[in-house]
A.B. asks: 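Sharing a structure, written as C-alpha cells. Questions coming.
Only this structure's heavy atoms are used, side chains among them; waters, hydrogens and symmetry mates stay out.
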Amino acid sequence: MLTEKKMFATLPPSYLPEQRRAVWGSLFGSYIGAIRKNTGLSIEQAAGLSGMQASEWTSIEEGTVPQDINRLRAMTDAMSISFDTIANLVLLCREAWEL
C-alpha cells in the first residue's frame with residue numbers, strides 16, 4: 001500500500017484571504033493596464049487626467065485596488081471608457097476588495 005505524499009505544504013487558513021486578495025488585485029491591475037494601453041495613454045497621462053500621481057496609478061496596475069469609488073470614476077474618465085466597464089471589472093475581481 002502506497003502512501004500518497006503531499007506535493008505542496010498546506011497554507012495556514014489566515015494566509016489564504018490575503019493571497020486571494022493579492023491575486024485578484026493583480027488581475028484587476030493587469031486589466032486596467034491593458035485598457036490604458038489600448039487607449040494609447042502612458043501612465044503619466046492617465047494619472048494626470050484622473051487627478052492622481054503617476055505612482056498611485058502604477059500602484060493600482062501593480063495590484064493595489066482603489067478604495068474610493070471616485071477614484072474608479074476618475075479612471076474611467078481618464079481612459080474614456082464607460083463606468084459600466086470598470087464596474088464589471090470590479091465585480092469580476094471583487095475578492096480583491098474583500099477583507
Side-chain angles (χ1 to χ4, degrees):
M1 185 163 109
L2 294 174
T3 305
E4 196 174 311
K5 289 186 180 182
K6 289 186 178 183
M7 293 184 70
F8 302 104
T10 304
L11 295 173
S14 61
Y15 181 76
L16 293 175
E18 292 173 22
Q19 187 68 21
R20 190 174 296 125
R21 275 196 309 274
V23 168
W24 284 106
S26 180
L27 183 63
F28 177 82
S30 293
Y31 278 120
I32 292 298
I35 293 168
R36 176 188 54 76
K37 289 173 188 171
N38 285 338
T39 61
L41 295 172
S42 68
I43 288 176
E44 292 78 15
Q45 291 169 322
L49 290 170
S50 67
M52 293 183 201
Q53 297 293 319
S55 60
E56 184 179 0
W57 191 285
T58 299
S59 180
I60 291 168
E61 286 193 16
E62 290 175 349
T64 303
V65 293
Q67 298 300 313
D68 183 2
I69 194 167
N70 293 324
R71 279 287 188 240
L72 295 171
R73 289 189 187 282
M75 292 172 76
T76 60
D77 291 344
M79 296 185 289
S80 299
I81 60 173
S82 72
F83 186 75
D84 288 348
T85 300
I86 207 163
N88 286 327
L89 182 55
V90 167
L91 287 174
L92 174 69
C93 301
R94 67 185 166 270
E95 288 190 47
W97 282 266
E98 293 179 2
L99 299 175

A.B. asks: Going by side-chain contact (heavy atoms from CB on, under 4.5 Å), F83 matches just one of I69, N88, D77. Which one?
C.D. replies: I69
A.B. asks: To check you understand the geometry: which heavy-atom pair defines the closest contact between V65 and G25, and what is its length?
C.D. replies: CG1-CA, 3.9 Å
A.B. asks: I'd like to know if the side chain of W97 reaches the main chain of P66, judged simply by a donor and an acceptor atom lying under 3.5 Å from each other, with no hydrogens or angles considered.
C.D. replies: yes
A.B. asks: So which heavy atom on R21 is nearest to which on E95, and how close?
C.D. replies: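 Minimum heavy-atom contact is CG-O, 3.1 Å.
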A.B. asks: What are the two closest heavy atoms between T76 and S82, and how far apart are they?
C.D. replies: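 For T76 and S82, the tightest heavy-atom pair comes out as CG2-O, 3.9 Å.
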A.B. asks: Do E98 and R20 meet the salt-bridge criterion of a basic N to acidic O distance under 4.0 Å?
C.D. replies: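 Between E98 and R20 there is no salt bridge, as every charged N stays at least 4.0 Å from the carboxylate O atoms.
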A.B. asks: Quick one: pull up OG1 in T39 and CD1 in I81 and give me the separation to the nearest 0.5 Å.
C.D. replies: 8.0 Å
A.B. asks: Please report the closest heavy-atom contact between A46 and A78, naming both atoms and the distance.
C.D. replies: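 Smallest interatomic distance, heavy atoms only, reads O-CB, 3.6 Å.
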A.B. asks: To the nearest 0.5 Å, how far apart are OG1 in T58 and CE in M52?
C.D. replies: 10.5 Å
A.B. asks: Let me confirm one number: the CZ-CD distance from F28 to E61, rounded to the nearest 0.5 Å.
C.D. replies: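 Rounded to the nearest 0.5 Å, the CZ-CD separation comes out at 10.0 Å.
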A.B. asks: Examine distances only and state if a side-chain atom of R73 and a backbone atom of N70 form a donor-acceptor pair shorter than 3.5 Å.
C.D. replies: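 No; judged by distance alone, with no hydrogens or angles, the pair does not exist.
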A.B. asks: Side-chain contact, heavy-atom cut-off 4.5 Å: L49 with W57?
C.D. replies: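 No. Closest side-chain heavy atoms not under 4.5 Å.
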A.B. asks: Could you pull out the closest heavy-atom pair between I43 and A54, with the gap in Å?
C.D. replies: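 So the minimum-distance heavy-atom pair works out to CG2-O, 3.8 Å.
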A.B. asks: Taking C-beta and beyond as the side chain, do I32 and L89 meet within less than 4.5 Å on heavy atoms?
C.D. replies: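 Side chain of I32 against side chain of L89, heavy atoms only: contact under 4.5 Å found.
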A.B. asks: For a 4.5 angstrom cut-off between non-hydrogen side-chain atoms, does R71 reach I60?
C.D. replies: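 The answer is no, as the side chains (C-beta and beyond) never meet within the 4.5 Å cut-off.
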A.B. asks: Does S59 use its side chain to pair, donor to acceptor, with the backbone of S55 at less than 3.5 Å?
C.D. replies: no
